[in-house]
A.B. asks: 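Dropping the structure in here first, questions after.
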Amino acid sequence: MELLFFYLFAAGIIGASLLVVTRSNVIHAALLLVLTFFFMSGVFVLAGAEFLAVVQVLLYAGGIMVLYLFSIMLMNAEVSVRLRQFHRQSFFTIVVSLILAAEIWWKVLGGGAAYPAFKGFSWTLGTTPGNVEALGSILYTKYLFPFEVASILLLAAMIGAIVLAKRTIDR
Amino acid sequence: MIAELIAAFLKIVLVLGTISLVVAYLTYLERKIIGHIQMRMGPMRVGWHGLLQPIADGLKLFLKEDIIPSKADKIVFVIAPIMVLVPAFVVYSVLPFDENFYITQVNVGLFLVLAVSSLGVFGIVMAGWASNSKYSLLGAFRSAAQMLSYEIFLGFSLIGPLMLAGSLNFQNIVKAQSDVWFVFYQPLAFIVFFIAALAETNRIPFDLPEAETELVAGFHTEYSGMKFAFFFLAEYANIMAVSTVCIAVFFGGWGGIDAIPLPGIVWYLLKMAVLIFVFIWIRATLPRYRYDQLMRVGWKFMFPLAILNIFVTGLVKFLFL
Amino acid sequence: MPLVIPDISLSIAAPEVGLAILICVVVVADLFTSMENKAGMGILSLAGVAILGLIVLFQWGGGVRTTFSGFYIADNFSSFVKMVVVVTTAFTILLSLQYAKMEKINYGEFYVMILFAVFGMLVMASGNDLISIYLGLETMSISSYVLVSFIRHDPLSREAGLKYFLMGAFTSGILLYGIALTYGLTGATSLTEIAKALSGLQGAAIIADPVMVFSLILFVAGFGFKLALVPFHMWLPDAYTGAPTSITAFMSVAVKMATLAAVIRVFFIAFPALAGKWNLLLWLLTVFTMVWGNVAAIAQTNLKRMLAYSSIAHAGYIMLGIVTTTKIVGGKVVFTPDGISAVLFYLVAYMVTNLGAFGMLIYLCREDFRGDNIEDWRGIGQDHPWAGMAFVVFFLSLGGFPPTAGFVGKLFLFGTAIQNEYYWLAVIGILASAVSIYYYFRVVMVMYMEPRGESQPAIEFSKAPSIFVALLVLVLATIYLGLFPGSIIAAAKSSVAGLL
Amino acid sequence: MVPLSHYLALGAVVFVIGAAGVLMRRNAIIILMSIELMLNAVNITLVGFSRQWGDLTGQVLAIFVITVAAAEAAVGLAILISLNRDRSVLNVDEVNLLKW
């Protein structure tokens, strides 16, 4: 059952993300990316990371992608649909990335043999620790330092984005 | 397993069916109440005191020609109304109606509601862009900006009550209010929440995205027939969802006064009726805000207020609880 | 669930805490400053950075201390790196005070973004965990994207920003994948924990895992992009040319220093068990970088771009020091601290030199005249001998001639290479730096041998005392470090002592 | 029970798709979105590993990744908007005042 859902989500993710990188219309690509994020949040739920799943929907789909759509519409993106979409070397890129994908696939799907580190653990170890309370308390105690740095990072990004995107600064 | 699935399915059908029906009659109620406030009768022709009016409206919308503008982006244009409606309905999957009556409960319930309801903006932006009309696009822009910013206040205003309840699960939040409703502990949060909720559901005085006088009804200008009905349905479904959240977080959910033994669901419906009436009352009373005023109110007034509320709640909880 | 409050010592993390406060002060003060007085924000930041320098100085010699449940480490190495970053920042602000006005970018945010970047660098220098290093790196990068594209009315700057941003974001994705795979294999993100897992019971199995090697390649590629090692250097010439000149100077020194600190910590503390593998990769990158950086610089006509390529070449010399730290003794990998201390000293030398070289560009810059083409410097040696002399000193140092800082730095670096039996690397490095003499001296030739053209605008150096003072100090420091490098070398050595 | 290898394979494939998008496409916004795909691939990998090890580090790191992605998106879009202000440039090739 779980496996079935996983395959469903995985197929959705791969299909939608392939479309994202091949579509010529930016808006369509953005909407497909939203779809990808939904499937991903489904995968997170399956992995017992329900908080992360909700954050994925709330921040990625509800926040970042709206920002994307907004900017795309501001930038008059329809013009670019008619232009050439791919680099000349794209064929080369496809070949290289296919080789890379095959390699990763082979290594990763080598199964347990490729992961001697896990031999001490059973495959069903996952205790699904993704509940909000545990995550919250670990974030504010053990991970306090990265948390604070992340807050500064967000402040930096906010100020930077405003400075760059503001139309005119009155002088 | 099978029995559970069937039960869940029946519950979903029941809730969604009820919502669709109630939404239809909400339009009637709105027209009636506004009519009476403005010293006129409202719909009177179809049925006794116009009681069958919503059904006639629905039939009309159903049978009307469904126009897709020739320059529109067809796929997105068709998907947009669905994208608006689906989040509005999905929210109900975790909302509490009674102690034992809910579709499901998850321990990130409230968070999930915020997440899913934030997706409604996609449908609007898609509709505005796909229509290929400048009024629609402007409406979509306004709506995206408005919903994005007010979502933040909505979320922040809920943190205070959450700190008191200590849980994101709706059932636990309601149970934490068995003695005192949170609206008495958190009046500031309630005010911010209510204003943000008005903006989030695009109601007057914050209905800028569809301001008829400037934007010819905004993002759904080009829509007709069933697709238009979808937007309408979603708007009222959203109002009810927001009211339910409000009841669950601030007004003790299904809990009532002990002296009057009524079932929880009845208490819930009563509170819902009052809130809906307030919504309609506000619509009949207040004028529309200007766009920059809306943003200023949000960022310079409500946002600091919500933060202050969190700060004070945390301080009080740290010192006295 | 009981909350276990971790050990938090703000005094150990004093530089970061102080900087965060400084940022808040500048942001708020900026609101109350009129457009004409924005240089005041620069002076305020400068004062704050000076205090920051004192705080860092006080931390020197305090031993190895960790706090924030092991995410933060303060030792002599981090203090040394922070000191370099802080001094660079001070000079950058000093050079920017007048320059920002000329480029019409004298907003308070300009200095705020510099301070944000510095915050990221300090976190990187003290990062004892892949998570904090990653977040520090991102803070630094995001601030630098903004800084590079800060001249909004100049298409060059915006383009540079876009290219830098796209490459940088791509890179951080690559690096992040490496972090994720490492976490997956070792179950830890803390550098010491990773090292423990790699040398533990299952360590041999993990090291043999192809995924671990893949993760290592991702790390090398990610850091290689940030350090602009060939072949990951494509973004650098554009970003450096388009950015405001003072920011170019800042990035070429401070960003490099902070990234290098992270590289040293990650590779030497977390992955010593894999030294054989990453050393080979870095060896290759070092050779490519030294050769290509110098060769490509010859073809440039734009002085800023030439200096950008030269900074790629210098990144190669610096990596040479990192590669030569590992020595194979009897089939076992041993770390000799000399390589890293040579790197640290070289960075100090490079700091004073490179800041000076870009400072000269700012010195010539005017509102209607950027002066960053080599042609623009014609005849300056004859008309303004002192300015010409200053530039010559910087070029001597960049080329590695006595009696300048660059000479001692190169001597130290190549000396270590030979000592640890990296003969090929030393030979290639010396040949590459011989090539570099050609293009450095081409500029000197233009300055002294070619007369100023009729159509060229008259030379008019900036009259701002801040730039003059900064350049004077930098020239003197370049010569001083060339004559008396002892104290800095001692400091570099003692900062490495507690590290390996 | 979904085995770990499935998560890793999915993450790897999405990562490669994203990387290919970055290298192939000329439209700057699509490149940006491909970078988002790469970061999400990392998140899938992290969540899989987090479950496998039975600790939360992976999930916490994933939350930080989302934070960073948000910051990057904001700054990147701001740069694009400022680039787009006086001429409609969306394709990377047209950004060619500076030679590579």
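Every chain is numbered from 1 and lettered A, B, ... according to where its sequence line falls, protein lines coming before strand lines.
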A.B. asks: Check whether any side-chain heavy atom of D:V14 lies under 4.5 Å from a side-chain heavy atom of A:M40, and answer yes or no.
C.D. replies: yes
A.B. asks: Which answer fits A:A30, side chain, backbone, both or neither, if we ask what part of it has an atom under 4.5 Å from a heavy atom of chain D?
C.D. replies: both
A.B. asks: Answer with side chain, backbone, both or neither: which region of A:L18 has an atom nearer than 4.5 Å to a non-hydrogen atom of chain D?
C.D. replies: both
A.B. asks: If you measure from CD1 on A:I14 to CD1 on D:I17, what distance do you get to the nearest 0.5 Å?
C.D. replies: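 Rounded to the nearest 0.5 Å, the CD1-CD1 separation comes to 6.0 Å.
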A.B. asks: With a 4.5 angstrom heavy-atom cut-off, could you sort out which part of A:M158 is near chain D: side chain, backbone, both or neither?
C.D. replies: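 Neither part.
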A.B. asks: Does any heavy atom of chain D fall under 4.5 Å from the side chain of A:Y60, the backbone, both, or neither of them?
C.D. replies: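 Just its side chain gets close to chain D.
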A.B. asks: Quick check on A:S17 against chain D: is it the side chain, the backbone, both or neither that has a heavy atom closer than 4.5 Å?
C.D. replies: both
A.B. asks: Report yes or no: does D:R51 contribute a side-chain atom to a donor-acceptor pair with the main-chain N or O of A:L46 at less than 3.5 Å?
C.D. replies: yes
A.B. asks: D:E72 versus chain A, heavy atoms under 4.5 Å apart: side chain, backbone, both or neither?
C.D. replies: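 Neither the backbone nor the side chain of D:E72 comes within 4.5 Å of chain A.
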A.B. asks: Tell me, for D:L46 versus chain A, whether the close heavy atoms (under 4.5 Å) come from the side chain, the backbone, both or neither.
C.D. replies: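 Neither; nothing under 4.5 Å.
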A.B. asks: Does D:M33 reach the side chain of A:M65, with side-chain heavy atoms less than 4.5 Å apart?
C.D. replies: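 In contact.
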A.B. asks: Heavy atoms, side chains only, cut-off 4.5 Å: are D:L56 and A:F51 in contact?
C.D. replies: no
A.B. asks: Nearest 0.5 Å, what's the CG-CD1 distance between A:L52 and D:I66?
C.D. replies: 5.0 Å
A.B. asks: Looking at D:A74 and A:L67, what are the two nearest heavy atoms and their distance?
C.D. replies: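 That closest heavy-atom pairing would be CA-CD2, 4.0 Å.
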A.B. asks: For residues A:V21 and D:G21, report the shortest heavy-atom separation together with the two atoms involved.
C.D. replies: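 Heavy atoms only, the tightest pair is CG1-CA, 3.8 Å.
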A.B. asks: Considering only heavy atoms and a distance below 4.5 Å, find which of A:A10, A:G160, A:A29, A:P146 pairs most often with chain D.
C.D. replies: A:P146
A.B. asks: Can you tell me which portion of A:F70 sits under 4.5 Å from chain D's heavy atoms? Options are side chain, backbone, both or neither.
C.D. replies: neither
A.B. asks: Select one option (side chain, backbone, both, neither) describing which atoms of A:Y7 are under 4.5 Å from chain D's heavy atoms.
C.D. replies: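 Contact with chain D is through the side chain of A:Y7 alone.
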A.B. asks: Under a 4.5 Å cut-off applied to non-hydrogen side-chain atoms, are D:I81 and A:L164 in contact?
C.D. replies: no
A.B. asks: If you round to the nearest 0.5 Å, how far is CZ of A:F6 from CG of D:L10?
C.D. replies: 5.0 Å
A.B. asks: Under a 4.5 Å heavy-atom cutoff, which of A:F37, A:F147, A:Y68 has the most pairs with chain D?
C.D. replies: A:Y68
A.B. asks: Going through the checks in order, is the side-chain contact (heavy atoms from CB on, under 4.5 Å) test met by D:F64 and A:V149?
C.D. replies: CA-CA 10 Å; D:F64 288 132; A:V149 176; over 6 Å; no
A.B. asks: Kindly compute the distance separating CD1 (D:I44) from CD (A:Q56), expressed to the nearest 0.5 Å.
C.D. replies: 8.0 Å
A.B. asks: What is the minimum heavy-atom distance between D:V47 and A:A47, and which atoms define it?
C.D. replies: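 Smallest interatomic distance, heavy atoms only, reads CG1-CB, 3.3 Å.
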A.B. asks: Chain D: which of A:V55, A:L33, A:I162 shares the most heavy-atom pairs with it under 4.5 Å?
C.D. replies: A:L33
A.B. asks: State, with a plain yes or no, whether a side-chain heavy atom of D:L37 is found less than 4.5 Å away from one of A:T36.
C.D. replies: yes
A.B. asks: Nearest 0.5 angstrom please: D:I79 CD1 to A:S71 OG, how far?
C.D. replies: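 Result: 12.5 Å between the selected atoms.
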A.B. asks: Over all heavy atoms of both residues, which pair between D:A73 and A:I64 is shortest? Give the atoms and the distance, please.
C.D. replies: CB-CG2, 3.7 Å
A.B. asks: Roughly how far, to the nearest 0.5 Å, is the NZ atom of A:K142 from the OG1 atom of D:T57?
C.D. replies: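 Going from OG1 on D:T57 over to NZ on A:K142, the span is 4.5 Å.
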